Structure formats: C-alpha cells, structure tokens
Amino acid sequence: MEETSELMRIRLAKAEAMRAAGQNPFANDFRVSHTLEDVRLSADATAPDMNSIDEGAVRYRVAGRVLAVNDMGKAAFVRLRDRSSTEANPVFQVYLKKDLLGEDAYDQFKAQVDQGDIVGAVGPVFRTRRGELSILVERFQLLTKAYRPLPDKWHGLTDKETRFRQRYADLIMGLDVREVFRIRAKIVSFIRRFLEDRGYMEVETPMLQAVAGGAAARPFETWHNALGIPLYLRIAPELYLKRLVVGGLERVYELNRNFRNEGMSQKHNPEFTMLEFYQAYATYEDLIALTQVMLSELCVAVHGRDTTEYAGHTISFAAPFARYTVREALTTIAGIDESQTGTLDGLRAAAAERGVHVDPKASYAKTLVFLFEELCEKKLLQPTFITRYPAEISPLSRKSDEDPEWVDRFELFIAGNEVANAFSELNDPVDQKARFEDQVAARAAGDDEAHPIDHDYIRALEYGMPPTAGQGIGIDRIAMLLTGRDSIREVIFFPHMRPEQFQSGTADGAPDSGTSGPTDDQG
RNA sequence: GGGCCGAUAGCUCAGUCGGUAGAGCAACGGACUUUUAAUCCGUGGGUCGACGGUUCGACUCCGUCUCGGCUCACCA
C-alpha cells in the first residue's frame, strides 16, 4: 500500500477536495497576457510602491509554476517560473493579501496550492520595500495540481541518472539546463538560415534504408512486415542526398537524426543529429571557406563574439583555421620525421618508438590515419582542418587530380574532437563501383564496417552527378562545444539509457495493470 | 567488455568499527499582512537498490545481480 508516497496522497486529496467543491484542479480557462519577463521589461522602471498603485494601472495576467511560497498567515509571496525565466531572473514573485483577494479565495489558495503547482495570477505591479518587482494579486487560480513534489528547491536535481530519465524535472529546476537547449535550438535555426540564405534547400530522405550506406558503422536492423524484408536505420543520409544532386537540386541539406549501433560514451549516443549538405560545382576547398564563415558566425550568433570557452581553453573561430595534411599533422604535431610518414615501415617504426601498438596487418593508409588519431587528434584544440586522406579509407570521395592515392577531403577538429567531415564527391560511376567492390572485398576479409555496395546509387551516378562537394557536421558536438558541456547526454534531451524497471501499479492503485515485465531467465 | 566509484525519506546528503537510522529543504498542525533559501513552535514520513551468505542479530561484513557515474578499450 506504499506505492504512493504520503506526499502524493496529500496532494491527490487536495485535488479531490477541489472537485468536491465544484472546482477543477486541471482548469484551462485562464489566459496569459504577459510572460514573467514581459512584465519585468514593461513595468520595471515605473512600478510604484504598494500604496501608490493607480486605480487604472495595467493588470497583468501571468501563469507559471510555483517554485516557492513564503506564507505569512494573512499574506503570502508566491514565486513563479515560466518559459521566460532565466538564471538572471529565476522567479517572479506575486503577492497575495487576504484583505485584497477576499477571505474565501485566500483560504482556498492556502488549502489548495503547493510548490510545483501551476497557477495563474492577475493584478497590477508594485515594488516591495526591499525593491523587488511583484504583482499584487487580485485574482488567483490553480491551473494544474502537481501530485508529485518538486526536488529540493536549493540544490535542484543533481543525480545524473534522475536528471536524464526525468528530464522534465531537470528542466523545471535547472535553468542552466534550459539554457543549454536554448543554445542548441539557436544553433539549429542559425544553420538552417545560413544554408537557406545560400540557396540550399532542406530535404528529408529515408531513415529506413534497405542498404545502410554513406558511412562506416554498424546499423540498427529492423523488419518491414508488409514487404517482408530487413531494413536498416540510416547511419548517414549521404547517398540519398547525392541522388538529389543528380536530380538537379544542386544545393541540398538535411539536418536530422542518424543511428549507429555502437558503443555509448560521453561522445556517442546511438541516435545523434547530423547536418549534411551538398553543393554542386564546388570543391572541398569551397567548403573549407564556407565552414569557417558558418562556424564563426554561428559562434557570434550564440555568444556575441567569435570565441567560446571549452574545458579551460578559449576556442577561437576567427578565420582562417589552422590547416594540415594528415602527414603534416604527424610531423608537426606528433613530431614524426617526415621521411617516416611516407611509408608503412616508417610509420610502424615511428609507432614503435612512441609505444603505440599498430595492427601489423593494417595497410599504409589505415596505419597513417590510425596514428593521426592516436597522436594528433586530442591535441587539436583550436579549429583545424586536416586534409589529404588516403583514397583507400574514403570510398565515396573524389581522388585528387594530382595523385590518385589521395582524396580531396578534409576533417575538422575542434577541442580534440572531430566535428566535420567533407570531401569533393566521387561522381565517376565506374570508379565508384570499383571502390564499392574493394569494400565488399574488405568486408569478406572481416571488416564488418566496410561499406556495402549500393547498386541504385551507381545507377544514379550513371545519369551524371555534377561535380559536387559535401559535408557532414555533428550537431551534438557543436552543441557541446558552444555550451561548454563535456557529455553528449547534456545536449540531448533524452539520452539513451537502459530502460527503468517500474514496479507494477505505480500511481494510483490499478493493481493488476503492469506486470508486463518479461520474466525471463536472466540473459 | 575491463577498472574504480556510487545507490539511505519526495529532493540534497550524513551515519552506524554488526544491535533495524538522522539533518536541511519539502509535507502536516499552529503563529505571523512587504518575504527573499522568510522566521518561530510542534508533528509525521524509510523493505537503507535487489537477491543470497555469514551471524543470536545485517543498513553495516562477504558474494551475486540491477541501475548509474567516471575511466580505459571499442567506435570516423
């Protein structure tokens, strides 16, 4: 019988008492005229003291969640929070006086309202003796009874598991959390505007794909009953976006979710948000220029300046960003002799000298990139473009005109993380088919992340794709960077976690409701 | 997957070298008509993550498990 806490039972009883008195504890007949911040902005300079309120003063109709109540018997301050609340102004207080509100209404307020409830209040503004802007309440209404009590008003929610599982409670209490997601929303809308201003069209391509291509990752697999076939959640939209470029759309972008069935960490969530954009008649060099402008303007849009603080470092988005080839990075950043970076034996020797274990079966291309990731990546704090990747590990990239062993590709690193990957697109269908076949061979040899062949994509290229450059940017990582968060879970509303085990019959009785938990023999 | 750490009231935490637990906030009753984490007096609230073992006795010790955090590995 302890399924419902004492605190909740008391609140349920208060709602029942309201119903018995003909009142609705979940009313929806209150209209708001101003957010709490609107009130502050429109009245702050002019608010009179309580005894000087003009008869005809503006009446504000506000609503919000009750964060705290200071009850002084025949008067009370109620502190409200709404969508306009910020860390600078976390609550706005309204003042209830028994003589003004009326005895019945005031007694109802005291009998009905708890912290956490959502209420509406109407009245003129005034300034208290201590100088705080407040509303003198002439009408007060409980709009939504909260059955569950709020977390500690001083400490808020701190347990990360609870914060992520009950993001709603986290957002009620944590104005800094709201701010993170406001910045994230701003990032997304800025990028959309930025690309649309340059003639890009936003498109949506399949998330359920018969061939999960466009990247090297393990996909989630599902089953389509009607067609009787397996389908995969996309690991990237790349191949579909390029089909649209073949179709003549020339500048397209998609900003949406990808899914990868791989490990979770502070930097990886099974579903994550990726921007991909493609521009015909452009090269990866054009995208380098575009990316510098996009990111520095984005940073200014978010912070008002082109720098951001991350993990104790000031990251500057002032163009031009640093730029190295993979080999140059190994020389300049890891201190490997240039002569060693040109051969597999040289790379192996350099790795051995530094105590880095490399796969003895790995090719020159794989070893080169592996060593870059091991020795250089984490050191790239300021935005840095790394170019000239090996063709072998870039099956969708255009080979360099000067040297077909390399491709016209860059990755962008900031604060030690890869945030973008871009290249001039391979648009020769014969070459693309050959590269796919190499990948098929690699898969047969045990590389389960080798790219699967996509025959329809080859057919699309056979119609002719204009010379094109394309880029992917990890939006979650950009959001981490611009909000100073060290975990991807802090910038995703509902990060994936193992499902909670609920006891059957949670809130109110319903004894034989749940029990649907599989009673399996531990896996 | 490995290592380390954690799980005690609604929330934030303390605690018991083994004798079934405390504080603050929240709640409940009372006082208080300008408070600012309001204040003052009083009260209730816990299967101490789960299961097993040792023991006269386990919240505490041991084992297993669950969930989470950090970290390493993996992962463009």
Side-chain angles (χ1 to χ4, degrees), chain A residues 2 4-11 13-14 49-51 66-79 90-101 106 111 114-116 126-134 136 146-166 169-170 172-173 214-218 235-236 258 260-270 272 274 357 366 369-370 372-373 377 386 389 393-395 409 411-413 417-421 448-449 451 472 474 477 486-487 489 495 497-501 503 522-523:
Chain A
E2 271 304 315
T4 306
S5 76
E6 180 200 0
L7 299 180
M8 286 180 67
R9 269 185 276 114
I10 291 166
R11 288 168 177 239
K14 287 180 181 177
D49 66 46
M50 190 162 59
N51 299 316
V66 175
L67 264 286
V69 179
N70 280 8
D71 172 12
M72 294 167 298
K74 297 187 181 64
F77 285 98
V78 176
R79 291 202 262 277
V91 291
F92 185 96
Q93 70 179 14
V94 302
Y95 182 54
L96 283 70
K97 272 166 53 106
K98 190 166 192 167
D99 51 11
L100 180 69
L101 198 58
Y106 190 82
D114 291 296
Q115 271 187 22
F126 73 103
R127 193 173 294 284
T128 65
R129 276 179 205 149
R130 295 289 195 78
E132 181 150 348
L133 188 68
S134 312
L136 180 62
Y147 290 150
R148 205 171 275 274
L150 249 32
D152 188 291
K153 71 178 169 192
W154 190 242
H155 300 96
L157 258 192
T158 62
D159 180 72
K160 285 188 183 180
E161 178 173 1
T162 311
R163 286 187 48 228
F164 299 148
R165 289 195 194 280
Q166 302 184 33
D170 190 31
I172 290 169
M173 302 304 295
R218 285 209 305 280
I235 57 174
N258 287 347
R260 297 188 184 177
N261 200 347
E262 290 172 345
M264 293 160 64
S265 75
Q266 277 185 102
K267 303 220 161 63
H268 300 83
N269 195 60
F272 61 99
M274 178 82 105
H357 178 75
K366 287 211 160 105
V369 172
F370 175 78
F372 166 77
E373 288 168 354
E377 192 170 321
I386 300 296
Y389 281 77
I393 60 150
S394 311
R409 171 180 178 185
E411 291 193 355
L412 173 63
F413 294 85
N417 284 316
E418 181 197 338
V419 302
N421 177 23
D448 62 356
E449 290 200 340
H451 200 293
R477 289 184 181 176
D486 64 358
S487 169
R489 297 182 192 96
M497 302 180 91
R498 210 175 276 279
E500 225 173 328
Q501 301 297 313
Q503 304 299 320
Q522 76 237 29

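As the structure is a prediction and not an experimental result, all values here were calculated from the model. Any value given below was found using the heavy atoms of this structure, including those in side chains, with hydrogens, waters and symmetry copies removed. Chain A is the first sequence line, chain B the second, and so forth, proteins listed ahead of strands; every chain is numbered from 1.
Between B:C32, B:C13, B:C67, one nucleotide has an atom nearer to the side chain of A:D71 than all others, and that is B:C32. The side chain of A:E262 has B:A76 as its nearest neighbour among B:A76, B:G68, B:U35. Distance from the side chain of A:K160 is smallest to B:G69 among B:U12, B:U35, B:G69. Each of B:A76, B:C70, B:G68 was ranked by its minimum atom distance to the side chain of A:R409; first place goes to B:A76. Nearest to the side chain of A:Q93, among B:U35, B:A26, B:A76, sits B:U35. Nearest nucleotide to the side chain of A:R165, out of B:A27, B:C67, B:U35: B:C67. Between B:C11, B:U36, B:A37, one nucleotide has an atom nearer to the side chain of A:W154 than all others, and that is B:A37.
A:K97 comes within contact range of at least one nucleobase, with a heavy-atom separation under 4.0 Å. Nucleic acid contact class of A:D159 (heavy atoms, under 4.0 Å, all strands): sugar-phosphate only. Counting non-hydrogen atoms under 4.0 angstrom, A:D114 reaches the backbone sugars and phosphates but no base. Across all strands, A:G156 comes closer than 4.0 Å only to sugar-phosphate atoms, never to a base (heavy-atom distances). Contact annotation for A:R477: no contact, since no heavy-atom pair falls under 4.0 Å across all strands. A:M497 comes within 4.0 angstrom of sugar-phosphate atoms only, judged by non-hydrogen atoms across all strands, and of no base. Across all strands, A:R260 comes closer than 4.0 Å to no nucleic acid atom at all (heavy-atom distances). Across all strands shown, A:K366 has no heavy atoms under 4.0 Å from either base or sugar-phosphate atoms. As judged by a 4.0 angstrom heavy-atom cut-off over every strand, A:E132 is placed among the base-contacting residues. At a threshold of 4.0 angstrom between heavy atoms, the contacts of A:L157 are confined to the sugar-phosphate backbone, with no base atom among them.
Nucleotide B:C65 has B:G49 as its partner under the Watson-Crick or G-U criteria, with both atom distances under 3.5 Å. Base pairing annotation: B:G1 forms a Watson-Crick or G-U wobble pair with B:C72, both donor-acceptor distances under 3.5 Å. The pairing partner recorded for B:G57 is none, the criterion being a Watson-Crick or G-U wobble arrangement whose two distances lie under 3.5 angstrom. B:C11 is paired with B:G24 under the criterion used here, namely a Watson-Crick or G-U wobble arrangement in which both key atom distances are under 3.5 Å.
Note on A:R130: every side-chain N or O is 4.0 Å or more away from OP1 and OP2 of B:U34. Put simply, A:T128 has no side-chain N or O that comes within less than 4.0 Å of OP1 or OP2 on B:U35. Phosphate proximity of B:C13 to A:T158: present, with a side-chain N or O under 4.0 Å from OP1 or OP2.
Of the possible polar contacts, none joining the A:H451 side chain to the A:A216 backbone as a donor-acceptor pair under 3.5 Å is found. Here the side chain of A:N417 pairs no donor or acceptor atom with the backbone of A:V419 at under 3.5 angstrom. Under a 3.5 Å cut-off, the side chain of A:R218 and the backbone N or O of A:E262 do not form any donor-acceptor pair.
One atom, CZ of A:F164, and another, C1' of B:C67, lie 14 Å apart when rounded to the nearest Å. Spacing between atom CD1 of A:I10 and atom C1' of B:G45 amounts to 9 Å, rounded to whole angstrom units.
Each of A:Q115 and A:G131 lies near RNA chain B, and the nucleotide nearest A:Q115 is the one positioned closer to the 5' end.
Side-chain atoms of A:D99 and base atoms of B:U33 include a donor and an acceptor less than 3.5 Å apart.
With a 4.5 Å cut-off on side-chain heavy atoms, A:F272 and A:R260 count as touching.
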